[in-house]
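Okay, so here's the structure we're looking at.
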Amino acid sequence: QVHLTESGGGSVQSGGSLTLSCAGAGYDTTNSYMGWFRQVPGQNREPVARINEVGHTDYSASVTGRFTISQSVSRNTLYLHMNTLKPEDTAMYFCAADRGYGTQYCSATWCFAATFWGQGTQVTVSS
């Protein structure tokens, strides 16, 4: 059974930092992307960043230069290091695994087929 569990969310002031973690188990991470998404109530879920097994990363334009996605050597844990946070970063953040099937989510330059999801962790940035 696949498990993705996010942690590390919380409340922070504008300009602050947070690091999210996603612990995964029960699926094959070979030849796959892992990614982070976020969603504000009433809006569509949007891709934030993704990373493949050799460390290639992609980011949405809104977080480029501020967020960094990384992973443990075993790929069992995914991270999102968020710096210079803004109020507009407030959202529920989800991690996901792309196994080639599932709903497609696209940024301006890359897409992600979200096969497995975590339950999410809330990030709130106050001004």
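The shown structure was predicted, so the numbers you read here are calculated from the model rather than taken from an experiment.
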Practice task
Using the side-chain hydrogen bond (donor to acceptor under 3.5 Å, both in side chains) rule, take Asp58 and His56 through it: C-alpha gap first, then chi angles, then the decisive distance, then the call.
Solution key: CA-CA 7 Å; Asp58 292 294; His56 174 80; 3.2 Å; yes
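- When the side chains of ILVMFWY residues are joined at heavy-atom separations under 4.5 Å, either directly or via intervening members, Phe116 and Met34 end up in a single hydrophobic cluster.
- With sequence neighbours left out, the ring pair (Phe, Tyr, Trp, His ring centres under 6.0 Å) criterion links Phe112 to Phe37.
- The two residues Tyr59 and Ile69 come nearest to each other via the heavy atoms OH-N, 2.9 Å.
- The backbone N or O of Thr90 lies less than 3.5 Å from no partner atom in the side chain of Gln122, so there is not a single donor-acceptor pair.
- Atom SG of Cys22 and atom OH of Tyr93 lie 15.0 Å apart (nearest 0.5 Å).
- Closest non-hydrogen pair, Gly120 versus Met92, comes out as C-SD, 3.7 Å.
- Applying side chain to side chain contact (heavy atoms under 4.5 Å, CB included) to Val63 and the options Val48, Leu85, Thr84 leaves one that passes, Val48.
- Here Val73 sits alone; no ILVMFWY side chain lies under 4.5 Å from its own, so it joins no hydrophobic cluster.
- Clustering ILVMFWY residues whenever any of their side-chain heavy atoms sit less than 4.5 angstrom apart, transitively, puts Leu20 in the very cluster that holds Phe67.
- Distance CD/Gln119 to SG/Cys95: 7.5 Å, rounded to 0.5 Å.
- Shortest non-hydrogen contact noted between Ser127 and Pro87 is CB-CG, 3.8 Å.
- Annotation: Tyr105 is in aromatic contact with Trp117 [ring centroid separation under 6.0 Å].
- Legend: residues meeting salt bridge (charged side-chain N to carboxylate O under 4.0 Å, His left out) with Arg38, ordered by chain and number and at least two apart, are Glu46, Asp89.
- Atom OG of residue Ser107 and atom CZ of residue Arg50 lie 7.5 Å apart, to the nearest 0.5 angstrom.
- Among all heavy-atom pairs drawn from Thr77 and Ser21, the shortest one is CG2-CB, 4.5 Å.
- Annotation: the span from Ser72 atom OG to Tyr79 atom OH amounts to 5.5 Å, rounded to 0.5 Å.
- Closest heavy-atom contact between Gly102 and Ala113: O-CB, 4.1 Å.
- Between the side chains of Ser32 and Asp98, not a single donor N or O lies within less than 3.5 Å of an accepting N or O.
- Both Ile51 and Leu18 belong to a single network of hydrophobic side chains, linked directly or stepwise wherever heavy atoms of I, L, V, M, F, W or Y lie under 4.5 Å apart.
- Residues Leu80 and Trp110 fall into different hydrophobic clusters, defined by Ile, Leu, Val, Met, Phe, Trp and Tyr side chains chained together at heavy-atom separations under 4.5 Å.
- Judged purely by distance below 3.5 Å, without hydrogens or angles, the side chains of His81 and Ser70 pair a donor atom with an acceptor atom.
- Note on Tyr101 and Leu4: same hydrophobic cluster, where clusters join Ile, Leu, Val, Met, Phe, Trp and Tyr whose side-chain heavy atoms are under 4.5 Å apart, directly or indirectly.
- At least one side-chain heavy atom of Cys106 sits under 4.5 Å from a side-chain heavy atom of Gln104.
- Rounded to the nearest 0.5 angstrom, Tyr33 OH and Thr115 OG1 are separated by 14.0 Å.
- With rounding to the nearest 0.5 Å, the separation of OG in Ser126 from CD in Gln13 is 5.0 Å.
- The nearest pair of heavy atoms linking Ala91 to Val40 is CB-CG2, 3.9 Å.
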